[in-house]
Enquirer: 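Here it is, the structure, as structure tokens.
Because the structure is a prediction, the values reported are computed rather than measured. Positions are given from 1, in the same order as the sequence printed here.
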Amino acid sequence: RAGSRDPAIRAAMARCGAEFRRLAELVALAAGSQDAALDAEILVRHIDGLMFDFVTRPPQDPRVLSLGLRRAVEAISRSA
């Protein structure tokens, strides 16, 4: 919400988001993706969902994050 009210925070969030997507694209390329931009977007949204769920729900098995990310990257590898 702060990003919607404060232009400086909004700009910082946009820069961080763009950098995160570039990193995800490199991960997708390294995993053998044939469409790294699309796979990066899917990966980022997957991570967003995992993180949102992790911080908004009662404590859960921490392996959900690590295995969730690993399995998402493995899925990219298998689809290549």
Enquirer: Transitively linked via ILVMFWY side-chain contacts under 4.5 Å: Phe54 with Leu50?
Expert: yes

Enquirer: Kindly work out whether a path of hydrophobic side-chain contacts (I/L/V/M/F/W/Y, heavy atoms less than 4.5 Å apart) joins Met51 to Val27.
Expert: yes

Enquirer: Any ion pair linking Glu25 and Arg21 (charged N to carboxylate O, less than 4.0 Å)?
Expert: no

Enquirer: Mind listing the closest non-hydrogen atom pair of Ala28 and Ala36 along with its distance?
Expert: CB-O, 3.9 Å

Enquirer: To check you understand the geometry: which heavy-atom pair defines the closest contact between Val44 and Ala24, and what is its length?
Expert: CG2-CB, 3.7 Å

Enquirer: Are Val73 and Ile42 co-members of a hydrophobic cluster defined by side-chain heavy atoms under 4.5 Å apart?
Expert: no

Enquirer: Rounded to the nearest 0.5 Å, how far does CD of Glu41 lie from CZ of Arg45?
Expert: 4.5 Å

Enquirer: Assigning hydrophobic clusters by single linkage (Ile, Leu, Val, Met, Phe, Trp, Tyr; side-chain heavy-atom cutoff under 4.5 Å), is Leu43 placed with Phe20?
Expert: yes

Enquirer: Could you state the interatomic distance from CG (Leu67) to CD (Glu74), rounded to the nearest 0.5 Å?
Expert: 9.0 Å

Enquirer: Do Glu19 and Leu23 have side-chain heavy atoms sitting under 4.5 Å apart?
Expert: no

Enquirer: Any chance you could measure Asp61, atom CG, to Ser66, atom OG, to the nearest 0.5 Å?
Expert: 8.0 Å

Enquirer: Distance from Arg71 atom CZ to Arg78 atom CZ, nearest 0.5 Å?
Expert: 9.5 Å

Enquirer: Rounded to the nearest 0.5 Å, how far apart are CG of Leu65 and CD1 of Ile47?
Expert: 10.0 Å

